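Structure first, commentary second.
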Amino acid sequence: MLTIEQIKSLNELECMIYQYIIDNQEKVLQMKIKELSQEIHVSPTTIIRFCKKVGCDGFAEFKIRYRLYLSQSDPIANHQDISIMMNYFNSIDRASFYKKLAMLSDKIKKKNHIIFAGVGTSGVLAEYAARYFTNMGKISFSITDPFYPILHAILKDSVAIILSESGETQQSIEHARAFKEAGCFVICITNQDENTLQKLSDASFTYYVPSEKTYNTFTITTQVPVLFILESLGKQLLKESNV
């Protein structure tokens, strides 16, 4: 519920209030301000000051907003994952998808290296992809550190494949810009069209599945389509290399 800036603004007593609220979510919603002040040994004035720092006029408004926040933050119900996957695979089982695989694998085959980039969950997938393509016989690396230096002299004859569910992650956008400046051919894999990363890329794959988050923060959108795209591209590359 609190932003980083709001947390930084809290003094020692207010931080104690914040920690108690986190540890006793349901209990706090049933308490009056006097009960809370006695429980954590601070004055009601301190609690009111805390509430105002987080954008509420008083403790009553804070409880209303906090209850709403908790109700919105409950883990979401699972979509029907099998149906989602079946819809996805049916949608890409087209000549256009296989044509794109062939075109991009031919492009990759002519380059010296592949650089996979991503942050968070996409970073984990980037590491997997680098190992997978190396197993296919193509020298590959992964970059998951947003501050990793992009060396133009090394990357000018490489392909960069950037993974980002939203296509709007600032670190991934910065990577794309740096790769383009280094002379890389850039491919992105995102969940939606018309995003910034896609606009910076030379080619893209889009998988169109429902975006999912828990606690309004943590992305749990299925990454099965990303794995399928990466593995399909790797196998197409191996096939062409053995021709």
Side-chain angles (χ1 to χ4, degrees), residues 2-8 100-101 103-134 136 138-234 237:
L2 272 65
T3 65
I4 298 298
E5 290 73 19
Q6 288 172 332
I7 293 173
K8 287 181 178 179
K100 182 183 286 189
L101 283 178
M103 178 190 71
L104 293 180
S105 65
D106 182 66
K107 176 73 70 173
I108 292 170
K109 182 175 63 175
K110 297 173 182 176
K111 300 292 185 178
N112 290 332
H113 312 104
I114 310 174
I115 310 298
F116 293 93
V119 295
T121 302
S122 294
V124 175
L125 293 173
E127 292 177 338
Y128 170 78
R131 176 58 185 265
Y132 189 82
F133 275 72
T134 299
M136 296 294 183
K138 192 70 178 181
I139 299 174
S140 304
F141 307 95
S142 64
I143 296 178
T144 60
D145 179 353
F147 304 106
Y148 197 89
I150 307 299
L151 304 178
H152 290 206
I154 297 175
L155 300 179
K156 65 180 180 180
D157 197 30
S158 301
V159 171
I161 300 180
I162 306 178
L163 315 178
S164 173
E165 195 264 336
S166 68
E168 298 295 346
T169 305
Q170 189 61 41
Q171 295 93 329
S172 296
I173 293 170
E174 287 298 319
H175 277 148
R177 181 191 57 76
F179 286 133
K180 290 290 288 184
E181 290 179 357
C184 292
F185 184 86
V186 177
I187 303 168
C188 72
I189 303 177
T190 65
N191 192 28
Q192 301 295 334
D193 269 328
E194 300 300 322
N195 55 70
T196 304
L197 182 57
Q198 191 179 63
K199 293 175 182 177
L200 288 170
S201 301
D202 299 294
S204 64
F205 288 97
T206 310
Y207 45 101
Y208 304 112
V209 298
S211 294
E212 298 181 281
K213 288 187 177 183
T214 55
Y215 307 107
N216 293 329
T217 303
F218 305 112
T219 299
I220 59 168
T221 304
T222 179
Q223 296 298 288
V224 171
V226 180
L227 287 172
F228 178 77
I229 292 167
L230 289 169
E231 293 186 1
S232 297
L233 191 57
L237 178 63

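Being a predicted model, the structure only gives us computed values, none of them experimental.
Distance OH/Tyr132 to CD1/Ile114: 12.0 Å, rounded to 0.5 Å. To the nearest 0.5 Å, atoms OG (Ser201) and CG (Asn195) are separated by 8.0 Å. The CD1 atom of Ile187 sits 6.0 Å away from the CG atom of Leu233 when rounded to the nearest 0.5 Å. Note that OG of Ser158 is 13.0 Å distant from CZ of Phe185, once rounded to the nearest 0.5 Å. Here Ser140 contributes atom OG and Ile108 contributes atom CD1; the two are 8.5 Å apart, rounded to the nearest 0.5 Å.
A distance-only check finds no donor-acceptor pair linking the side chain of Asp157 to the backbone of Lys111 [under 3.5 Å]. Side-chain atoms of Lys138 come within 3.5 Å of backbone N or O of Lys109 as a donor-acceptor pair. With hydrogens and angles disregarded, no donor-acceptor distance shorter than 3.5 Å links the side chain of Thr219 to the backbone of Thr221. Of the possible polar contacts, one joining the Glu168 side chain to the Thr196 backbone as a donor-acceptor pair under 3.5 Å is found.
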Worksheet item: Do Glu231 and Tyr128 pass the side-chain hydrogen bond (donor to acceptor under 3.5 Å, both in side chains) test, and can you show the C-alpha distance, the side-chain angles, and the key distance before you say yes or no?
Response: CA-CA 10 Å; Glu231 293 186 1; Tyr128 170 78; 2.5 Å; yes
Discussion item. I'd like to know whether Gln198 forms a side-chain hydrogen bond (donor to acceptor under 3.5 Å, both in side chains) with Ser204, so could you lay out the CA-CA distance, the side-chain angles of the two residues, the decisive distance to 0.1 Å, and finally the verdict.
Written reply: CA-CA 6 Å; Gln198 191 179 63; Ser204 64; 3.2 Å; yes
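The number of heavy atoms from other shown groups lying within 6.0 Å of CD1 (Ile139) does not exceed 12.
Pairing each heavy atom of Ala176 with each of Leu197, the nearest pair is CB-CD1, 3.5 Å.
By the 4.5 Å heavy-atom criterion applied to side chains, Leu200 and Val186 are not counted as neighbours.
A centroid separation of less than 6.0 Å is found between the aromatic rings of Phe116 and Phe133.
Sorted by first and then second residue, the salt bridge (charged side-chain N to carboxylate O under 4.0 Å, His left out) pairs with a member in residues 176-197 read Glu174-Arg177, Arg177-Glu181, Lys180-Asp202; sequence neighbours excluded.
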